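Note sheet for the following structure.
As the structure is a prediction and not an experimental result, all values here were calculated from the model.
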Amino acid sequence: MLRAVLRSVFRDRHRFLLPAVAVLIGVACVSGSLLYTQSLARGAARLQHASRPDVSVEVRPDGSGTAEGAAAPDEALRHRLSALSGVTAARGTLRGRAFLVGRDGTLVGPPSAATGVNFVPRGHGRDPRYPMTRGRGPHGPGEVAVDRWSARRAGYRVGDRVRVVVAGEVRSARLTGTFTVYDPATAGGGTVLAFDEPTARALFAPAPGRYASVTLTAAPGTSASALAERVTRALPRGLEAVTRARLDAEAAEAPDRRKLGTLLLLFAGIALFVSAFLVSNTFTMLSTVRARELALLRAVGASRRRVLGTVLAEAAVVGAAAAVAGYALGVGVATLLADLFPAAAGPASTAPLDVLSPLPLLTALCVGVGFTAAAAYLPALRASAVAPVAALRTSVPDPAVSLRRRNRIGSAVTAAGALLLIAGQGELGALCVATSVLLAGLILLTPQAARAATRVLRAPARRLAGMSGTLALANVCRNPRRTAATAGALTVCLALVSAVTVGLSSLSATAGREAEAAMPTDLRITAVDFAEINARTAAKVARLPHVAAAGSVREVRLRLREGPDVWAAVVDPEAVGPGRLADFTVHTGDLADLPRGIAVTRDLAAEHGWRLGDRLTGRRLSDAGAPAGPALEREIVAVYDGPEALGPALLPESAVTGKGAPSGEVTSVLVRAEAGRTAAAKEEIRRALRNPALLVEDRGDAVRNAGQGFGALRSVLYAMLSVTAVVAALGVANTMSMAVFERTREIGLLRVVGLDRAGVRSLLRVESVVVSALGAGLGILAGVAAGVAAVAGQSGAVVSVPWMSLSALLVGAGVVGVLAALGPGTRAVAVPVTRAIAGEVG
């Protein structure tokens, strides 16, 4: 049986080529994703170990404390731990955001990976974590050391004056040295800036006299686990001792890395799912071509089970070959992923690929063989049902099976999917299920849709392509199930692309509207991601020419004693006075009384039944949602309407004052320019601040920048979905190729009665385009419905359907149809007419 299977596969190798390529692509995506994520995990663990070579045990908060009472190791604890038996060194660790400014005035590296640390010299002034390659470590607030990769990128040398952005302001410092460091920041293309201990304590300490963590170095002969147990007994409540092995494991199992691996595998699974249409269609068409051969096997004694096993064995052989080649290609995919997301500087965050890793190898083999056999099961089952008497016929025509039952089921499933979309608005899991049901229903209805489309297109096709167009439309309806299987791959692919397109367009429109609503004044100053605004920025800006008013805005969340959480904007009361930052409509009360109370919008007051003079009692919440600061009791002194950025409540800065200064980060600085001097004021602010970590925007800038924020995400998603588009295109090309083999005699007869070579090519081209456009149209319909349902369920979201982009997708599907027909058309006209009439296929 095995020899017969191999002989059959080799004989029909040209027919199995495209399905094998589709499975190969899916296996390559799966194995490449697994290899890449494994490499990331090993690289992260190696990097974690190399970044702090002196760490045996780390003492850190265990996360059980509240925001204001969270435990943090201090200097006294560090001294006590250093005196423990088995400890050779105890080091306090400080870490925060610090940005290096290049010679061109821009930030060096991505803001998300800009790091500042404390330089802790031991003997001879050396720090084992940051060994100097040139110069020396920093001493005093006017000095800084930089990792050597960032210094080289920025063009700085030891002794140069450099600009750094830390604590929201720009500082000038002398570059005293460069060092080698293996750190997640440099692995992500970022920078590491080292400050002396007092400076780092002032900049990065979680609280005065506190450290982020304390790391201990074990003495020779002392294990990390034994030292951790000893240290745990000496720790106060709220702190924990973590061994080096656990730190490395946590780095390897970072949540973001798991999310990346899941995302890559998700798109690989989509590619495999789309490949299922191609594999199933191929074996269905092969069963039709080989119907007489299978009937002869039944006639000479082969059972249905034997025929079923033979076809599945063929599928397994094709899948195994595709799995081997796919795994080899998967190694290249993993390498490509590492090249697409490289470290811009410093050591790479990926370890060398382990190409013989058991998990990716076994997964590739199981996916290739199991998936192909599963996709071929239904065609194999139908092939085994061929009656032995069919061997006596000269040909085995396709049985004409009614579509009535399929259409009824398809209509019911489509209706159920539509209802689920409506019911599951805003719930991602429910929307995924609803979209799958809707797609299944549309695929079931594709034969009926094909008949309707051919009736509509019959007259245009006749005018544009003559008799070839008419014959092509007839061929589309000849085998409606095959048409549905071919178009199904494109339906799934275009549904995903359309849903992503609608979702990203809506996100962009929503972000633009929110950005415009957040601009109650002429100009707004915000920080880039992961940066902050210094508390003195507003006062500095207010003194500039052409600036009429400037004020800081902080956002706090209040948990009221009776009622829900309320967000409030913390402002300088003078900044919201008449004619200052923004225009307010005060319905009752007076904003001049804000220093002694709280102001709420009319909508918020109506929602909770509040009136002027009511007293609100509650607590401010931290970013983590824990109570922070003393209890607040404020009287409602005004009910107003105003811009969204200054609502739904206003608090004076004195309400959240901590140690003489308002607590909480400044989220923005709002600026009102003198009449007609907005552009001049914007340039003055930029020149005065000279801070590349701050954005100075007018309304047009804000809307434009908000819309551009999704460009990178759009590119990544489209790049991943393009794999499914390639597989779907292969499905159309495969169907047309198989159709040429099936209809060789028919094409020969058409040539005899006068259809020329160009007419044959035109026939196949029109058929391919119609099938592609049909699948694309149904997919776009489902994708738009899913995208709109996802966006409509989000509060405040703007639904935006980019019809031009969706039209381009439909045109692209037509181009796919034209390209898919090129090869089959060439082969069809290359067969001699005499052979074609004789029915010789091969």
Side-chain angles (χ1 to χ4, degrees), residues 47 50-54 91-122 124-205 212 342-349 527-532 690-694:
L47 194 63
S51 65
R52 299 191 290 178
D54 57 333
R91 173 189 179 122
T93 298
L94 295 166
R95 193 177 181 95
R97 293 292 178 189
F99 305 86
L100 178 65
V101 181
R103 293 186 181 275
D104 59 356
T106 61
L107 298 180
V108 179
S112 59
T115 303
V117 297
N118 58 323
F119 187 83
V120 184
R122 293 186 184 175
H124 307 290
R126 298 172 182 171
D127 187 331
R129 291 189 191 175
Y130 311 110
M132 289 292 165
T133 56
R134 292 182 183 274
R136 58 171 177 81
H139 300 293
E143 297 184 348
V144 67
V146 180
D147 70 272
R148 64 186 180 92
W149 295 285
S150 299
R152 184 187 307 160
R153 229 184 331 166
Y156 288 133
R157 296 182 178 180
V158 174
D160 288 348
R161 298 295 299 183
V162 301
R163 284 196 299 152
V164 299
V165 181
V166 63
E169 63 180 358
V170 179
R171 302 184 179 196
S172 177
R174 178 76 62 186
L175 180 60
T176 63
T178 60
F179 54 83
T180 299
V181 61
Y182 295 91
D183 190 275
T186 53
T191 57
V192 176
L193 279 62
F195 301 87
D196 70 300
E197 184 82 9
T199 304
R201 193 186 300 275
L203 295 174
F204 308 131
S349 58
V528 299
D529 291 340
F530 305 100
E532 59 184 293
R690 296 183 67 235
N691 187 344
L694 297 182

Over 12 foreign heavy atoms within 6.0 Å of CZ, Arg690: no
Intermediate values then yes/no, side chain to side chain contact (heavy atoms under 4.5 Å, CB included), Thr93 and Arg129: CA-CA 11 Å; Thr93 298; Arg129 291 189 191 175; 3.4 Å; yes
Non-hydrogen atoms of Val166 and Ala98 that approach each other most closely: CG2-CB, 4.3 Å
Within 6.0 angstrom of Arg126 CZ, more than 12 heavy atoms from elsewhere: no
Polar side-chain atom of Asp127 near backbone of Val120 as donor-acceptor pair, under 3.5 Å: yes
Contact summary for Pro138 and Ala145, nearest pair of heavy atoms: CD-CB, 4.0 Å
Minimal non-hydrogen separation, Val170 against Val165, with atom names: CG2-CG2, 4.0 Å
Min side-chain heavy-atom separation Tyr156-Leu100 under 4.5 Å: yes
Thr176 vs His139 side-chain heavy atoms within contact, under 4.5 Å: no
Asp104 side chain to Thr106 backbone, donor-acceptor under 3.5 Å: yes
For the student: nearest non-hydrogen atoms of Pro128 and Arg91, plus distance: CD-NH1, 4.5 Å
Side chain proximity check, Asp54 to Arg122, heavy atoms < 4.5 angstrom: yes
Exceeds 12 heavy-atom contacts within 6.0 angstrom, atom CZ of Arg201: yes
Test item: Asp529 side-chain N/O and Pro111 main-chain N/O as donor-acceptor pair under 3.5 Å: no
Shortest non-hydrogen separation from Pro692 to Gly105 and the atoms involved: CB-O, 3.2 Å
Distance in Å, Arg97 CZ paired with Leu193 CG, rounded so as to fall on 0.5 Å steps: 12.5 Å
Side-chain donor or acceptor of Arg103 paired with backbone N/O of Gly155 under 3.5 Å: yes
Worked check of side chain to side chain contact (heavy atoms under 4.5 Å, CB included) between Leu175 and Arg134: CA-CA 10 Å; Leu175 180 60; Arg134 292 182 183 274; over 6 Å; no
Side chain proximity check, Phe204 to Phe195, heavy atoms < 4.5 angstrom: yes
Note, Thr191 side chain near Arg153 side chain (heavy atom, < 4.5 Å): yes
Tyr130: which of Asp147, Thr178, Val181 passes side chain to side chain contact (heavy atoms under 4.5 Å, CB included): Val181
Non-hydrogen atoms of Gly102 and Ala154 that approach each other most closely: CA-CB, 4.5 Å
Sub-4.5 Å side-chain heavy-atom contact between Arg136 and Phe119: no
Arg171 side chain reached by Leu203 side chain, heavy atoms, under 4.5 Å: yes
